[in-house]
2 protein chains.
Amino acid sequence: MKVLLVEDDQFHARYLQDALAEALPEVTETLHAVNGQEGADEARAGRIGAIVMDLQMENHNGIEAARTIWAERPETRILFWSNYSDEAYLRGISRIVPEESAYGYVLKTASRDRLKLALRAVLIEGQIMVDREIHRFQRRATAPGNALDDSEYAVLLDLALGLQDKLIAERRGMSLRTVQNRLLSLYDKLGVGVEDGPGLPLNKRVRALNRAITTRTLNVEMLETAQREFDRWATRNCNKPG
Amino acid sequence: MKVLLVEDDQFHARYLQDALAEALPEVTETLHAVNGQEGADEARAGRIGAIVMDLQMENHNGIEAARTIWAERPETRILFWSNYSDEAYLRGISRIVPEESAYGYVLKTASRDRLKLALRAVLIEGQIMVDREIHRFQRRATAPGNALDDSEYAVLLDLALGLQDKLIAERRGMSLRTVQNRLLSLYDKLGVGVEDGPGLPLNKRVRALNRAITTRTLNVEMLETAQREFDRWATRNCNKPG
DNA sequence: ATATTTGCTGCGGGTTCCCGCAATTTTGCT
DNA sequence: AGCAAAATTGCGGGAACCCGCAGCAAATAT
């Protein structure tokens, strides 16, 4: 049996390798990759069925890599192993897990025994195993009242880039007033306008981005990704103002 | 000779401990701390003169800890050892390094040999040693035309929290128009309004926060710190709207 | 001492933003 | 099909924002 480790930190990779060797003697070959891009390539080339993946990586983060891999081979078992309980990443995960796959989520602060348990449960037994700490996040993120639906999320990204209402409306094919309604519910769900008592008026737009960042709904990489996507859209539609 | 290691990641702490033992046989005792708060306490209690410190930590990050330590004993030698070339942290460092101290900055991706070299150079020889990668950031951050002076930086923090012009003026003791002038130069230095060609108007306020985040001028912890400081200021001045 | 630069301030206009109101369309359910 | 709830859209006004213009004071240069 072959296992692929995708992890850019050398110390963590070493530790992972050791734990894997201890916990899963049936593993005959262990491959390494240092970013999501490499990871996806290795998985494709080596026909890997079991992967342990870090989330926070330079080139192509764990979510993007997992999406690529699962698109090609949905039955691939992936154990995510990450330092941070980053809600931003979690939002991504729960959307792309295929029905037929097994996956798991373990924090790097977990004990060696728990890691070994998760390795066996997910990669060998094909179970689902999520750290309880993470599960709390996931539930809060998907709880009614807090969950951002897709269109709200799209508007949040545009807002975060600094687009103004008219541009968002144009890009997303909505009317101006609808965009503003989305913003309204965004403000509500992000808790903007709650903390500012009388005499403390806040700029809701900036506040929304601030809240999205501090609650880990967005992070730097997602901003950069969104920027690239917007730039593509903008160049494609730049013949319009002519 | 005693050395204090401040590092919240167990693997990195282990590696650091090993490298330290190899490189500096004259070290007789090694202490550990897992966050900045503990680190500062240990340094005070143990009269430590040499410290290796991670920057990104939960409780009290490396910058805050270093500020505390240097305030009490400015001659303390500190080698910063961090995963990220975070401009946000660097801005903090260059401001608080005392004249009489030695310090250094090494990336965690550096080779073991380079780490050992830095350990000796900074902690034993009392030299200044900065990773070249980091130095580029530092220079760009302090280059004329990019450097944010203190008052601009203060206004940036307030903007990032979502305060509107009038509140910023009140808090910082400036006139409304002056605040707006600061914002103008902020927009300029952050490159807001450059990328948006005709037909692509952007919300400058949000865009400024976006740029500050993506260029690593600000990060999540600094936002949280600024929020706490603002909250204190707000409660202290909450008798004003009466 | 005079001239120039730099920073702070008020004023005013054009624009965007926030949001309540009401009309219309879509959605969901029986 | 029929009805109610929810979502979408237009309108309008008050507030905040961006910024050019101009006056003033302090610092610096000539």
Side-chain angles (χ1 to χ4, degrees), chain A residues 144-145 147-212 230 241, chain B residues 144-145 147-212 230 241:
Chain A
L148 270 52
D149 64 41
D150 292 305
S151 103
E152 283 166 347
Y153 190 69
V155 171
L156 172 59
L157 284 180
D158 286 348
L159 177 145
L161 293 180
L163 310 197
Q164 33 190 82
D165 297 2
K166 196 164 30 164
L167 248 185
I168 302 179
E170 189 178 335
R171 182 181 185 195
R172 304 296 180 184
M174 302 191 256
S175 92
L176 206 112
R177 195 62 183 82
T178 302
V179 171
Q180 294 173 338
N181 283 335
R182 289 287 136 74
L183 289 175
L184 231 10
S185 54
L186 258 183
Y187 297 156
D188 184 35
K189 291 183 179 172
L190 290 173
V192 172
V194 176
E195 63 274 89
D196 53 338
L200 283 185
L202 297 181
N203 182 310
K204 308 215 166 190
R205 237 149 215 273
V206 174
R207 192 66 190 159
L209 177 52
N210 181 308
R211 295 288 300 159
F230 170 73
Chain B
L148 271 51
D149 65 40
D150 293 305
S151 101
E152 283 166 347
Y153 189 69
V155 170
L156 172 60
L157 283 181
D158 286 349
L159 177 145
L161 294 180
L163 310 197
Q164 33 191 87
D165 297 2
K166 195 163 34 165
L167 247 185
I168 302 179
E170 188 177 337
R171 181 182 184 194
R172 303 296 179 185
M174 301 190 258
S175 93
L176 207 108
R177 194 63 182 84
T178 302
V179 171
Q180 294 173 339
N181 284 336
R182 290 286 138 75
L183 288 176
L184 246 330
S185 54
L186 260 182
Y187 297 156
D188 184 35
K189 291 183 179 173
L190 291 173
V192 173
V194 175
E195 64 274 89
D196 54 338
L200 283 184
L202 297 181
N203 182 310
K204 308 215 165 189
R205 235 150 218 271
V206 174
R207 191 68 190 157
L209 178 50
N210 181 308
R211 295 288 300 159
F230 170 73

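Fair warning: this is a prediction, and the values are worked out from it, not measured in the lab. Naming: A, B, ... by sequence-line order, numbering from 1 per chain.
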Identify all pairs in which a protein N or O lies below 3.5 Å from an N or O of nucleotides 23-28 of chain D, and state each distance.
none

Exercise. List the atom of A/Ser185, the atom of A/Glu152, and the distance in Å for their closest heavy-atom pair.
Key: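 Result for this residue pair: OG-OE2, 2.9 Å.
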Exercise. Identify the heavy atoms of B/Ala208 and B/Leu159 that sit nearest to each other, and give their distance.
Key: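 Residues B/Ala208 and B/Leu159, closest heavy atoms: CB-CD2, 4.3 Å.
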Would you indicate whether the side-chain heavy atoms of [Y] and [X] approach each other to under 4.5 Å?
X        : Y        : value
A/Arg182 : A/Val179 : no
A/Gln180 : A/Leu176 : yes
A/Leu186 : A/Val155 : yes

Between [atom2] on [N] and [atom1] on [X], what's the gap in Å once rounded to a whole number?
X        : N      : atom1 : atom2 : answer
A/Met174 : C/dT26 : CE    : P     : 17 Å
A/Arg207 : D/dA16 : CZ    : P     : 17 Å
A/Asn181 : D/dC11 : CG    : C1'   : 14 Å
A/Leu167 : C/dT15 : CG    : P     : 16 Å
B/Ile168 : C/dC8  : CD1   : C1'   : 17 Å
B/Glu152 : C/dC8  : CD    : C1'   : 14 Å

Any side-chain to backbone donor/acceptor pair from [X] onto [Y]? Under 3.5 Å, distance only.
X        : Y        : answer
A/Asn210 : B/Ala160 : yes
B/Arg211 : B/Leu190 : yes
A/Asp158 : A/Leu163 : no

Quiz prompt | Any B/Thr178 side-chain N or O less than 4.0 Å from OP1/OP2 of C/dC8 | solution =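 For B/Thr178, the contact criterion (side-chain N or O under 4.0 Å from OP1 or OP2 of C/dC8) is not met.
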Quiz prompt | N/O (side chain, B/Arg182) to phosphate O (OP1/OP2, C/dC8) under 4.0 Å | solution =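 True: B/Arg182 side-chain N/O within range (under 4.0 Å) of C/dC8 OP1/OP2.
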Exercise. Check step by step if side-chain hydrogen bond (donor to acceptor under 3.5 Å, both in side chains) holds for A/Arg207 and A/Asn203.
Key: CA-CA 6 Å; A/Arg207 192 66 190 159; A/Asn203 182 310; over 6 Å; no
Quiz item: Which letters describe nucleotides 16-21 of chain C, given B = protein heavy atom under 4.0 Å from base, S = only from sugar-phosphate, - = neither?
Solution: SSBBBB
